[in-house]
Structure formats: C-alpha cells, structure tokens
Amino acid sequence: MKRRTAILISGRGSNMEALIAAARDPDYPAEIVLVLSNRPDASGLDIARAAGIEAEAIDHRDFGRDRAAHEAAIDVVLRAADIEIVCLAGYMRLLTPVLVNAWQGRMLNIHPSLLPSFPGLRTHARALEAGVKLHGCTVHLVTEEMDAGPILGQAAVPILPGDSEDDLAQRVLRQEHALYPAALAAFAGVAWGLPDEGACLTNPLPWQGPAR
Ligand code: GAR
C-alpha cells in the first residue's frame with residue numbers, strides 16, 4: 001500500500017517535483033496526495049496543481065507572530081487528508097514543537113549540506129568559505145533541534161577549483177533530486193534506485209506506522 005504523503009514547500013518546489021515524478025511509478029511506495037505552502041505565491045503550488053495534486057497555501061502572515069497557531073492549522077489539514085508521511089522540501093520556516101511532536105518519526109527534510117556540517121542557511125557559501133573539498137545534501141528525520149535529526153541518506157559532490165556559489169548549488173541540487181525520492185522510498189518501505197553517481201543511502205530507517 002502506498003503511503004499517503006504530503007509535501008511542504010515555500011518556493012519553486014524542484015525537490016517536490018522530483019518526488020512527484022518518482023511517485024508516478026506504480027511501484028513507488030509513497031503517493032503524493034497534498035502539497036502545502038506557507039507562501040501563496042510559491043511557484044511550486046502551480047506545478048503541483050498542474051500535476052493534478054491538491055495544493056493549498058496556508059499563509060503564515062495570517063497568523064501574525066503565532067507560529068504555533070499556523071502549524072496547528074497545517075496539522076488540521078494534514079490529518080484531514082489522512083497523511084502518513086510529511087516531506088519538507090524547501091520549507092523555509094523553523095518549526096515549533098507543535099508540528100515536530102505531532103509528526104515525529106514521520107516527517108522528513110532535505111538539507112543542502114552534508115550534515116552535521118553546515119546546518120542552517122547559506123550552506124553553499126559557507127562550504128566554499130570553509131574550503132572543504134566535499135559537499136552535498138542530506139535527508140533526515142525532523143526533530144526539535146534544527147537540521148539535527150537522524151540521517152536517512154546523504155549524497156556527496158566534490159567542490160571544484162573556481163566553483164561559484166551558484167555552481168555548487170546546482171551540483172548539489174541535482175543530487176537532491178535523486179536522493180530525496182530514494183530516501184523517501186527507502187523510508188516508506190522499499191529500496192529504490194539511485195540513478196545519479198555520488199548518491200548513497202546511509203542508515204535508512206523504515207516508516208514505523210502512525211504514532212497516534
Ligand atoms: C533546496 O536546495 C533545499 O535543500 C533547500 O532549499 C532548496 C529548495 O529548493 N532547503 C533548505 O535550505 C532547508 N533549510 P526547491 O524549492 O527547488 O526544492
């Protein structure tokens with residue numbers, strides 16, 4: 001049975017698109033049934049709708065500073081849709097315990113660095129500044145501490161001489177698009193191909209059923 005999966009986005013949604021594309025395969029173990037954005041102008045919403053997926057904005061500005069109320073509204077919609085797994089894909093809001101606790105063990109995030117290196121923002125610029133030779137992306141379970149939950153998979157890329165921040169972002173993003181569908185599939189219950197060189201799955205943790 002395919003796991004009913006929702007994706008939370010804030011922007012262009014290219015990782016969302018990669019998940020939607022992978023989930024079209026009849027053998028893929030997750031079904032993308034809902035896309036939510038905290039920003040009504042997120043271009044990913046239109047992409048999701050064009051793919052025939054229900055997509056809705058829950059604008060954080062409607063809730064003022066009450067982050068918990070915003071997340072409670074998201075949680076209501078997720079539950080109403082019988083969601084089993086939530087994938088954050090470029091969802092650029094720090095989560096409060098409201099969503100984290102409600103979805104602990106069932107919420108994944110993709111982060112553009114090889115965690116635990118470079119949590120937070122500006123990861124590509126910081127990797128260049130630090131002079132590291134290896135960079136990449138990580139899919140992990142979301143816990144209360146930002147970018148620190150159990151790692152489900154990582155994909156590495158080299159940093160090449162003369163790389164700009166944009167060069168690096170594009171190289172990592174290609175890996176993100178391969179890694180996230182593979183990590184979600186492994187989590188949802190089956191192994192799935194990793195078409196791109198450089199990607200590997202570490203510590204795949206299975207989905208363990210609803211917590212409530
Ligand atoms: C991706 O690179 C993702 O890893 C990153 O935002 C981008 C979203 O792109 N996420 C974070 O930085 C989370 N802290 P997308 O909207 O095209 O998927």
Side-chain angles (χ1 to χ4, degrees), residues 5-23 30 32 34-51 53 55-58 60 67 71 74 85-96 99-100 103 107-130 134-157 159 163-184 187 194 196 198-199 201:
T5 300
I7 304 176
L8 268 54
I9 62 169
S10 295
R12 70 186 163 186
S14 72
N15 277 290
M16 172 206 76
E17 259 187 290
L19 290 171
I20 290 172
I32 312 302
L34 178 66
V35 171
L36 297 178
S37 170
N38 64 303
R39 300 182 60 101
D41 59 353
S43 51
L45 285 173
D46 289 333
I47 295 170
R49 289 182 189 122
I53 292 165
E56 189 182 324
I58 302 179
H60 63 273
R67 302 170 81 87
E71 292 187 3
I74 291 174
I85 296 174
V86 177
C87 290
L88 307 183
Y91 186 70
M92 303 308 276
R93 304 247 330 149
L94 277 181
L95 295 185
T96 78
L99 267 189
V100 173
W103 292 91
M107 181 183 275
L108 282 56
N109 180 45
I110 188 154
H111 180 77
S113 79
L114 291 174
L115 291 172
S117 296
F118 311 119
L121 299 175
R122 295 183 60 252
T123 56
H124 308 308
R126 286 159 60 212
L128 286 170
E129 283 157 21
L134 203 62
H135 188 44
C137 50
T138 302
V139 173
H140 64 96
L141 288 173
V142 176
T143 55
E144 274 197 46
E145 195 184 340
M146 184 190 67
D147 299 332
I151 289 174
L152 300 177
Q154 295 188 303
V157 301
I159 295 186
D163 267 349
S164 68
E165 189 179 339
D166 196 46
D167 293 335
L168 196 50
Q170 285 185 31
R171 195 173 304 131
V172 171
L173 193 64
R174 275 197 299 279
Q175 293 297 331
E176 293 186 41
H177 296 164
L179 178 67
Y180 212 171
L184 173 60
F187 183 70
L194 280 166
D196 256 9
L201 278 183

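Whatever order the structure lists them in is the order used to number ligands and atoms, beginning at 1.
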Exercise. Among all residues two or more places apart in sequence or in another chain, which pass the ring-ring contact (aromatic ring centres under 6.0 Å, His included) test with H111?
Worked result: none
Exercise. Would you say S14 has any N or O atom under 3.5 Å from an N or O of ligand 1, going by distance alone?
Worked result: yes
Exercise. Have D46 and S43 got a donor and an acceptor in their side chains that come within less than 3.5 Å?
Worked result: no
Problem set entry | Nearest-0.5 Å distance, OG1 of residue T5 to CD1 of residue I85 | 4.5 Å
Exercise. So between L179, L19, N15, I7, whose heavy atom ends up nearest atom 18 (O) of ligand 1?
Worked result: N15
For this session: Indicate whether the side chain of S113 and that of H135 have a donor and an acceptor atom separated by less than 3.5 Å.
Result: no
For this session: Measure the distance from atom 12 (O) of ligand 1 to every protein heavy atom, then report the residue, atom name and distance (to 0.1 Å) of the closest one.
Result: P112 CD, 3.4 Å
Problem set entry | For E176, the ligand 1 atoms whose distance to one of its heavy atoms is below 4.0 Å | 1 (C), 2 (O), 3 (C), 4 (O)
Exercise. Is the closest side-chain heavy-atom distance between T138 and I110 below 4.5 Å?
Worked result: no
For this session: Look at atom 16 (O) of ligand 1 and say which protein heavy atom is nearest, naming residue and atom and giving the distance to 0.1 Å.
Result: G13 N, 2.9 Å
Problem set entry | I110 to ligand 1, any heavy atom closer than 4.0 Å | yes
Exercise. Considering only the protein, which heavy-atom contact is closest to atom 13 (C) of ligand 1, and what is its distance?
Worked result: M92 SD, 3.8 Å
For this session: Tell me which protein heavy atom sits closest to atom 6 (O) of ligand 1, plus the residue, atom name and distance to 0.1 Å.
Result: G90 CA, 3.9 Å
Problem set entry | Whether R126 side chain and P119 backbone form a donor-acceptor pair below 3.5 Å | yes
Exercise. So is E17 close enough to ligand 1, meaning a heavy atom under 4.0 angstrom away?
Worked result: no
Exercise. Is the closest N or O pair between G11 and ligand 1 shorter than 3.5 Å?
Worked result: no
For this session: For atom 14 (N) of ligand 1, find the nearest protein heavy atom and state the residue, atom name and distance (0.1 Å precision).
Result: H111 ND1, 3.8 Å
For this session: Could you walk me through whether R171 and R174 pass the side chain to side chain contact (heavy atoms under 4.5 Å, CB included) test, one step at a time?
Result: CA-CA 6 Å; R171 195 173 304 131; R174 275 197 299 279; 4.0 Å; yes
For this session: For ligand 1, find out whether one of its N or O atoms is nearer than 3.5 Å to an N or O atom of R12.
Result: yes
Problem set entry | Salt bridge present between R122 and E129 (N-O < 4.0 angstrom) | yes
